[in-house]
Amino acid sequence: MRMSRMFGHTLREAPTEADTPSHALLLRGGYIDQLMSGVYTFMPLGHRVKRNIEQVIREEMDGAGAQEVTMPAIQPAELWDSTGRRAAMGDVLFQLTDRRDRELALGPTHEEVVTRLFSDHAVSYRDLPVTLYQIQTKFRDEARPRGGLIRVREFTMKDAYSFDADDAGLDGSYNAMFEAYRRIFARCGVPTVPVQADSGAIGGKGSQEFIFLTNIGEDTIILCDTCTYAANQEKAEFVRPAAIPGDPAPIEEVATPGVTSIEALAEFLGIEARQTAKAVFFMAKQNSTGVTYPVFAVVRGDMDVNEVKLANALSVGGRGGVELRPMVDSEIAAYGIVAGYASPVGLPSELQSDVRVVADLSLDAAPNLVAGANKPGFHLRNVNLGRDWTPAVTGDIASAQAGHGCARCAAEGRDGHLRAERGIEMGHVFRLDTTYTNKMNVAVQDANGGQLTPTMGCYGIGVGRILSAAVEAHFDDAGIQWPAEIAPYDVHLVGIGLDRDAEAAADAEALYAELTKVGLDVLFDDRDERPGVKFNDADLLGMPVRLTVSSRNTKAGVVETKARAAAEAESVARADVLARVQALRAEAIASCSVEAIERIARAGSGPA
RNA sequence: CGGGGUGUAGCUCAGCUUGGCAGAGCGCUUCGUUCGGGACGAAGAGGUCCGCGGUUCAAAUCCGCGCACCCCGACCA
């Protein structure tokens, strides 16, 4: 590609909407262009990167035995009703009607479509196992797009779906995808850590996320400093710091005027936060029935309520059953709760009937806590669970935090501690189990003439997120440093003063042809620009290798060769340039091995 | 959806307080000089000042109502 013909220009200054390095560099380099909130065009350079990422994904998916299909982005809304997910997805689902007033949806994901597809074509256990995948545009009406390509409303996703006869089969399909994912992220130069994750509204029996650790991330990830345990904070298990032991003492009221936070309470009474109980109120909605009810969540004062865990604790038949939101002030008032002095002890009578009180495990064996008195200006000392109040449910509803003990280490006799980091979800693999096949009544014939309900897995990767993360992981003050396999071009050929030196111009043209002939993608800067402009653009755009042809170099019979990440350029004899470029490329590809990338993955970005 | 911010040239922004010719730098076009890390000079092109309504002799500027975008939170298969 001749740069003089390339659509799009570099910018010296980044547009103000860019708030992360990757977003700023992609805009400055002319890789992407925003059309509206959360919707982007991939310009020629960005499109090439995207295509290269998709190519890596295709190779690994095909290598893992998955078969590519293209499913429709536009779908009948009733298909979403068949699993109850039209309601569950809520406003995130883009919905529209056609000219006959038929209700349609733009696909945010394809479990329903693929399950229906499978059902239409698979009839026997002999058709199992099968894994289908597609690389396709998804639509989600996100409440708040952000971070450039990180959270968008229209995006390209690779989604794969496996169908197996039994759990052992699912394990095999799941592991094949898991290993393919490791290779995909490594080849794209994006260091990721697999973490235990909550399955969210997609349902199923457990999932793992591949997380790129970065301080611009929107998820909080908990990692052990001793073992390999890593989990999304939504899911992370941990060892609760011990409570202060003691025999239950008589309950007593204490005046605490104006003391409405745990921090203030602990200071006012001269005690530790773990000697208090914290109450937080939510409204829960049972998705299946639409019934709402108040929830009173209680954790020890040194803990925070984890809404995802709380929702899971309240969901009887699996996840996705309950939706939580914090109570608004008017509801708190209506229920007679005194903000700042709320307590599970002596709840107002109008609450007693329908409220669900949920206690965290941290309250077990935590005697003589200070809790609210349910009247302004007073707390209660020596509150004891079981004696003074009884929860409807006791479970893990608190968030793991940095410094907490690692549960896995504790179980195996070690003393590991957790740390917290921010991260972005690059991919997510789920064991769906028979959630969808059951709801949609899908079965095939088994070997004994009976019916078999296939068990499913689903596996997603965000292509745009990989692109952004690759930049976020590889840039310097001057610009991007693309990982070799996804760079838009392999070589950036810079011609200096070619309009003034016919010999050098011929040399550059010959080199351009030579490199192209062996299959390298070359971006040839043939513009009539000053050297400084060209070098700066080359650094900004970030191709792995830069070659410089000029009068000086041509007279000396050399081509200046520089790896983008290298500090210095080297003069390579004209005859050796091709070999040198290929060696640099091989080296760059090798640096993106699974081992090399995963070694740096857990290092992350520092504490969250 | 709650809170905050911003909308003026392709990009970054000034002008708005106190109403009176639409501005700067970068980028772009042409010419000349220059030519290995974002050159210099000269001459140009480029505007729905986010939109609608109001006040006024006069509105980028004041008032009202919208819209868009960004940030924090809620939400996030």
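Numbers restart at 1 for each chain; the letters A, B, ... are given by sequence-line order, proteins then strands.
- Residue-level contact check: D33(A) touches neither bases nor backbone, having no heavy atom under 4.0 Å from any strand.
- The stretch residues 561-570 of chain A has no heavy atom under 4.0 Å from RNA chain B, so no residue of it qualifies as close.
- Atom CZ in R325(A) sits about 14 Å away from atom P in G2(B), given to the nearest Å.
- Scanning both residues, I480(A) and V471(A), for their nearest heavy atoms gives CG1-CG1, 3.9 Å.
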Quiz prompt | Derivation and outcome, side-chain hydrogen bond (donor to acceptor under 3.5 Å, both in side chains), residues R422(A) and T220(A) | solution = CA-CA 5 Å; R422(A) 303 289 288 180; T220(A) 299; 2.9 Å; yes
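- Rounded to whole Å, the separation between the C1' atoms of U56(B) and G19(B) comes to 9 Å.
- Remark: R146(A) is not in phosphate contact with C71(B), judged by side-chain N or O atoms under 4.0 Å from OP1 or OP2.
- Within 6.0 Å of the CG atom in N175(A), the count of heavy atoms belonging to other residues, nucleotides or ligands exceeds 12.
- Without hydrogens or angle criteria, K439(A) side chain to S82(A) main chain gives no donor-acceptor distance under 3.5 Å.
- Nucleotide G32(B): paired with C40(B) (Watson-Crick or G-U wobble, both distances less than 3.5 Å).
- Checked against side-chain contact (heavy atoms from CB on, under 4.5 Å), K138(A) has the following partners two or more places apart in sequence or in another chain: H110(A), Q134(A), Q136(A), F155(A), M157(A), D159(A), Y161(A).
- Taken residue by residue, residues 497-509 of chain A places heavy atoms nearer than 4.0 Å to RNA chain B at R500(A).
- Residue side chain R546(A) does not reach the base of G36(B) through any donor-acceptor N/O pair under 3.5 Å, judged by distance alone.
- Within 4.0 Å (heavy atoms only), E209(A) reaches no atom of the nucleic acid at all.
- When rounded to the nearest whole Å, the span between CD of E142(A) and P of A74(B) equals 14 Å.
- Pairing for A58(B) is absent, with no Watson-Crick or G-U wobble pair whose two atom distances lie under 3.5 Å.
- Other residues, nucleotides and ligands place no more than 12 heavy atoms under 6.0 Å from the CD atom of E263(A).
- Residue M283(A) contributes atom CE, which lies 15 Å from atom P of C75(B) at whole-angstrom precision.
- Taking T109(A) as the reference, E111(A) meet the side-chain hydrogen bond (donor to acceptor under 3.5 Å, both in side chains) condition, with sequence neighbours excluded.
- Across all their heavy atoms, G38(A) and V152(A) have their closest contact at O-CB, 3.2 Å.
- Summarising the geometry of E307(A) relative to P326(A), their closest heavy-atom pair is OE2-CG, 4.3 Å, with the distance given to 0.1 Å.
- Figure legend. C13(B) is base-paired to G23(B); pairs are counted as Watson-Crick or G-U wobble with both atom distances under 3.5 Å.
- Heavy atoms of F139(A) sit nowhere under 4.0 angstrom from any nucleic acid atom.
- Remark: C69(B) base-pairs with G5(B); criterion is Watson-Crick or G-U wobble with both hydrogen-bond distances under 3.5 Å.
- Pairing of G64(B), defined by two Watson-Crick or G-U wobble distances under 3.5 Å, is identified with C52(B).
- Between the CG atom of L324(A) and the C1' atom of C1(B) there is a distance of 17 Å, rounded to whole Å.
- When the P atom of C76(B) is taken as reference, atom CD of E234(A) falls 8 Å away, rounded to whole Å.
- On the C1' atoms, C40(B) is 8 Å away from U34(B), given to the nearest whole Å.
- Between the P atoms of C62(B) and G15(B), the separation comes to 12 Å (whole Å).
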Practice problem: Summarise how protein sits on nucleotides 38-52 of chain B as a single string, 5' to 3': B when a protein heavy atom is under 4.0 Å from the base, S for sugar-phosphate-only contact, - for no contact. | Solution: BB-------------
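- Heavy atoms of G147(A) sit under 4.0 angstrom from primed sugar atoms or phosphate atoms, though from no base atom.
- The CE-P distance, from M43(A) to C11(B), rounds to 12 Å in whole Å.
- Between M36(A) atom CE and C67(B) atom P the separation is 16 Å, expressed in whole Å.
- Across all strands shown, C75(B) forms no Watson-Crick or G-U wobble pair with both key distances under 3.5 Å.
- Looking at heavy-atom distances under 4.0 Å, D539(A) makes contact with a base.
- Counting only distance, with no hydrogens or angles, the side chain of D304(A) and the backbone of S399(A) share no donor-acceptor pair below 3.5 Å.
- Annotation: R116(A), atom CZ; neighbour count of heavy atoms from other residues, nucleotides and ligands within 6.0 Å does not exceed 12.
- Per the geometry, CD belonging to E13(A) stands 16 Å off P belonging to A24(B), to the nearest Å.
- Among the heavy atoms of the strands lying under 4.0 Å from Q34(A) are primed sugar atoms or P, OP1, OP2 only; no base atom is included.
- Side-chain N/O atoms of T16(A) include none lying less than 4.0 angstrom from OP1 or OP2 on C11(B).
- Taking the six-membered ring for Trp and the full ring otherwise, the centers of F178(A) and F210(A) sit less than 6.0 Å from each other.
- Here the side chains of I32(A) and L27(A) are in contact, with some heavy-atom distance below 4.5 Å.
- Partners of D81(A) according to the side-chain hydrogen bond (donor to acceptor under 3.5 Å, both in side chains) rule, which considers only residues two or more places apart in sequence or in another chain, are R86(A).
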